[in-house]
Amino acid sequence: MHYRITTLHSLEIIYMLKEVPQYDAKVVEQNIQKFWDEIDAYSRVRELRKNGKKFFFVDGPPYTTGRIHLGTAWNKIIKDSVLRYRSMSGDHILERAGWDMHGLPIEVKVEGVLGFKSKKDIETYGVGNFVAKCKEFALSHRDEMTVQFRNLGVWLNWKEPYMTLRDEYIEAAWWTLKQAHVKKLLEKGLRVVNWCPRCETAIADSEVEYADETDPSVYIKFQVMGEENTYIVIWTTTPWTIPANIAVAVHPSFEYAKVRVRKDGKEEILIMAEQLMANVLKQGRYRDYEVIETVLGENLRIEYDAPLGDKVPAQRKFSHNVYLADFVTAENTGCVHIAPGHGIDDFELGMKNKLPIFCPVGPDGRYTEEAGDYRGMHVRDANKVVLDDLTVNGLLLASGKISHRYGHCWRCKTSIIYLATEQWFLRVTDIKEQMLAEIEKVKWYPEWAGSARFADWVKGSRDWCISRQRYWGIPIPVWVCESCGETEVMGTRHELEKRTGVSKLPDLHRPNVDNIHIKCKCGGQMSRVPDVFDVWFDSAVASWATLNFPHDEKALKDWWPADFITEGHDQTRGWFYSQMGASLIAFGKAPYKSVLMHGFTLDTEGKKMSKSLGNVVSPEEVVAKFGAESLRLYVLSQNAPWDDLKFSWDEVGNVHRMLNILWNVYRFPLPYMVLDKFNPLEIKGTAVALRLEDRWILSRVSSLIRQVDAAMLEYNLHKATRPISEFILEDLSRWYIQLIRPRTWRESNDPDKLAAYYTLYEVLVTLTKLIAPFAPHISEEMYQNLVRNVDPKAPESVHMCDRAVPREEFIDTELEKQMNIIREIVEASSNARQKLKRKLRWPVKKIVVAPKKEDVAAAVRRLEEVLKEQTNAKEIVLLAPGETWEELGVEVLPVHAALGPAFKKEAGRVLAELKNADGKAIRRAIAENGSFELKEWTLTADMITFRDSIPQEIAQAGFSAGDVYVDTELTREIECEGYAREVIRRLQDMRKELDLAVEEEINAVVEIRDERVLELVSESKDFISGEVRAKSMALGSGIEVEGDLVKDWDVEDVRMKMGICRN
RNA sequence: GGGCCCGUAGCUUAGGCAGGUGGAGCGCUCGGCUGAUAACCGAGAGGUCUUGCGUUCAAAUCGCAACGGGCCCA
């Protein structure tokens, strides 16, 4: 550090505290990060704890897109804080930063850069070249993002991160797939998948993004066979799937109606759900109708003609019938168009009823040969053509538009379609029960993240389609025999090389592994399935891939499963799930022991941040304005981790202000300590004359540590950080520093000042260790000065220290409570002073505390000195609990409603007498007898009430457990001191204006135009001179005022002129 | 359409599991302090606790429904 060592004389080097400038977050953060690099702090901290309790953390790998956003910043800040805390607690931490580097998003970006439009462009360019570009893209973005994370002060293993594109990582994925194969959980099958016609690949459920879209909303009639002019009516938003229609589904328990309708002189019979008849007839603009009969869905037997049989010859081979299905809802017509090749429910209904899975659409989204006349047309363009053809066939009942949520490819935003294709699946539905059992064994924060949210998602999950028809990904290590269909899975590079005889593959990506063949037992040739893995499978194996398994089996045994992971709630369906699935396949148990699920960052409105809304705030912007530390503490303290965080610049500003105050608290004593050559090493262990307030702040800081530890146990980062801020603001800055100020100004080397130094020093050092996990920079900066500058043998970094521990001998909860009471009384007294406009600078004769309970009285007795000083009172008068202050008058208030009826005509005279009566005497009499005599009348308790009457110079204010009276009567002594303080304050102000050093002396001239005030001030001349360090001071009326700075003042309507000059 | 979470002052929030007068910070208004000073302190104003229904002697809190926001799914 730049100020660690002070050279006094050429020979002597001494270690001592240094003064510091104002807080500049950027300077502090840059210096500290540079310092960490210089001493290799991160690695040494890990090394330091290598004999500690093992703590294995797996970093959820961010995708290498290039820029981090607030959400990823928050994520890493949580991780960093937890790990720093655990490390300071003594744990031996194993972690590596992770990077998710494969997959379609990068392919799409690279395609964009190269100007490609389809897979054909990639094939022409060459798969090898394309993959190389993708790799380059991923690596360079990883570098950029690493810098961004490091600027936040995040300590992870950045030098040896795990990367999904590394061969070792790929092998971990291969090994895992092999386990699935061995356990018969891998299968190839025809399934309807979400398909992106632009990317020409299957995409996972989790890659489908739902957004509003306007689509056709059409009612179509299917001609019932053998019944002229009779139709069953269906509804759809995807007319392009009509050429693939195979069936109609109805609900078994709905009533279906046959309705005779007439329009334009034509008559036909329509079949639909009875309860939806009105809607359908309205859509078709039928006015005349007549219900012929109704029949329960389960009794409905209908065969109908293919609606577009004339255009799609293949359709003529199929018979088209009505089937029963529970998924049919009472919407639209109650009859659902079924195309098993283009819908998930459709497919399942088709499989169940052994219907043909007819899918006349190719991977590029164009109709195939099977689609007859539609061949070559893109489905995107087909809706209109199909509707025209249906119109020609007289089958279109109604056509409109609907706005609804529809799935899109989350990278290229193309509307997805459903296609029946051959894909590779992991049969996770087979292990669902096991997964649910494992979820219960994991400790979730918050609890409902696991028991409700995650369990719910797992219950509804389907088999996992892991194959993608793309290039940039982990190649699926499955070889299939072209002759007999036998499959083999390669678990490692070694296995592949051994089995094929190929060696020295440059790496395990495509196309290197594409043209390797294996000889099958049957004599045929086995080729690799050309697909790559779904990227979710990549990150799914992170917990063992990061341990370099399968190569390093010992690491797995020593460390796995992870002790802790933490990610956003979107990862319920993502990484929490993919890891759980893969881990059960590979090892039969959960890969993590505890999970903290955190929220999302939203804008101030609570809307999600998105480029299109223009409401995105980047972490860098925040760091540029307030520094990383403010951002860190802001995201940690603003919310409970699992709640979404509504970003607010104002709140970051507040946090920054708090840090600035912390800095000022730290900076405040340094000039004095430096001046006094304060050496904490010498004072430690020696008897220090601690005052009660010193013991109080030491107790507070120990209680605070307990609070932080309790919160961290449950990963309640907000409950750990908020009390710290509160302590800094309330206890340290607003109270303790104010209390010890007079002690620090003392020039003599007295034990009382040393006790204050000692206490503040102790508190600050403890605080650096306590806040280090959350605010690693400012704590390090403070530590370097406070500790390292005085003790070269201390650990080199605050992060190498053990976590702060409460000092039981200091904890005095009684004292803490009592101090709170004193603070309330001080506040009340300020309040009272304000009512009579008496400044704090002016002492008051006395303050009277009227406590409601004994504990207040005890507090006042114990902390009387503190109370006296802070209220600037000459005397504290403490009344007994419940006692009324005798100097208060009692006003008797008549109760007219009782007096009137009792005394009738005489009431007026009674009232008059009451006004002059002795209130105290009456109250005494009422208390004793319940009544009292007033002249010739006897008055009872119900006839009057009392009110304290307060003398003019007394101000009163209440607090939660009593009242405070401030006696502001001026005495000569008080005026003398008050004016002296007024003069001192102004001279100090002028010293400041001249920018004088604290210890510099001055010569002062003070001219006062008021004889009385001049006399009062003259009495305090020595006191004033001492306070402002004046070597000489001239006081008078009409004297000449000169100096380096001369100013006119108006002090309580008295004009003064002051001049000071440097000595 | 379903699951989970959230809705408290102009803004950000505490309180909610265990029902009993809703607490802070920012901002605003007024005042104070003055060797932490581009800092700090005090007071005041500001709340149908999203809405409705229910349980209860009593609901911000518990239940149901609606509305709005978020994530995930269909």
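So that the names make sense, note that chain A is the first sequence line, chain B the second, and so on, each numbered from 1.
In this structure, the nucleotide among B:rG25, B:rC5, B:rA39 sitting nearest to the side chain of A:Asn654 is B:rG25. For A:Glu827, the side-chain atoms get nearest to B:rA43 when compared with the rest of B:rC72, B:rA39, B:rA43. For A:Ile661, the side-chain atoms get nearest to B:rC40 when compared with the rest of B:rC11, B:rC40, B:rC6. When each of B:rC40, B:rA43, B:rC4 is scored by its nearest atom to the side-chain atoms of A:Arg453, the top-ranked nucleotide is B:rC4. Each of B:rA14, B:rG25, B:rG70 was ranked by its minimum atom distance to the side chain of A:Arg722; first place goes to B:rA14. Relative to the side chain of A:Asp989, the nucleotides B:rG42, B:rU34, B:rC71 differ in distance, and B:rU34 lies closest. Distances were taken from every side-chain heavy atom of A:Arg657 (C-beta onward) to each of B:rG25, B:rG70, B:rC5; the shortest belongs to B:rG25. With distances taken from any side-chain atom of A:Asn660 to the nucleotides B:rU13, B:rG3, B:rA39, the minimum falls on B:rA39. Nearest nucleotide to the side chain of A:Trp448, out of B:rG3, B:rC72, B:rC4: B:rC4. Comparing B:rC33, B:rG70, B:rG3 by their closest approach to the side chain of A:Arg841 singles out B:rC33.
For A:Asp963, the side-chain contact (heavy atoms from CB on, under 4.5 Å) partners are A:Ala850, A:Gln956, A:Tyr965, not counting sequence neighbours.
For B:rA59 and B:rG54, the P atoms lie 12 Å apart once the distance is rounded to whole Å. When the P atom is used for both B:rG52 and B:rU13, the distance is 24 Å, rounded to whole Å. Nucleotides B:rG27 and B:rC17, compared at atom C1', are 34 Å apart to the nearest Å. Rounded to whole Å, the P atom of B:rG69 lies 39 Å from the corresponding atom of B:rC30. For the P atoms, the distance from B:rA45 to B:rG2 is 46 Å, rounded to whole Å. Using C1' as the reference atom, B:rG16 and B:rU29 are 33 Å apart when rounded to the nearest Å. Between the P atoms of B:rC49 and B:rC11, the separation comes to 15 Å (whole Å). Rounded to whole Å, the separation between the P atoms of B:rA66 and B:rG3 comes to 10 Å.
Within the 4.0 angstrom heavy-atom criterion, no nucleotide atom of any strand lies near A:Tyr23.
In this structure, A:Phe454 has its ring center under 6.0 Å from that of A:Trp444. Side-chain rings of A:Trp457 and A:Tyr577 approach one another, their centers coming within less than 6.0 Å. For A:Phe647 and A:Tyr634, the ring centers sit closer than 6.0 Å to each other.
Within the 3.5 Å criterion, the main-chain N or O of A:Ala775 finds no donor-acceptor partner in the side chain of A:Arg632.
Under the 4.5 Å side-chain criterion, counting only non-hydrogen atoms from C-beta, A:Thr241 is in contact with A:Thr238. A:Asp989 places a side-chain heavy atom less than 4.5 Å from the side chain of A:Trp1049.
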For RNA chain B, the dot-bracket pattern of Watson-Crick and G-U pairs whose distances stay under 3.5 Å, | for other-strand partners: (((((((..((((......[..)))).(((((.......))))).....(((((..]....)))))))))))).
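Listed pair A:Gln22 / B:rA39 fails the phosphate criterion, with no side-chain N or O lying under 4.0 Å from OP1 or OP2.
Around the CD atom of A:Gln275, the shell of radius 6.0 Å holds more than 12 heavy atoms that belong to other residues, nucleotides or ligands.
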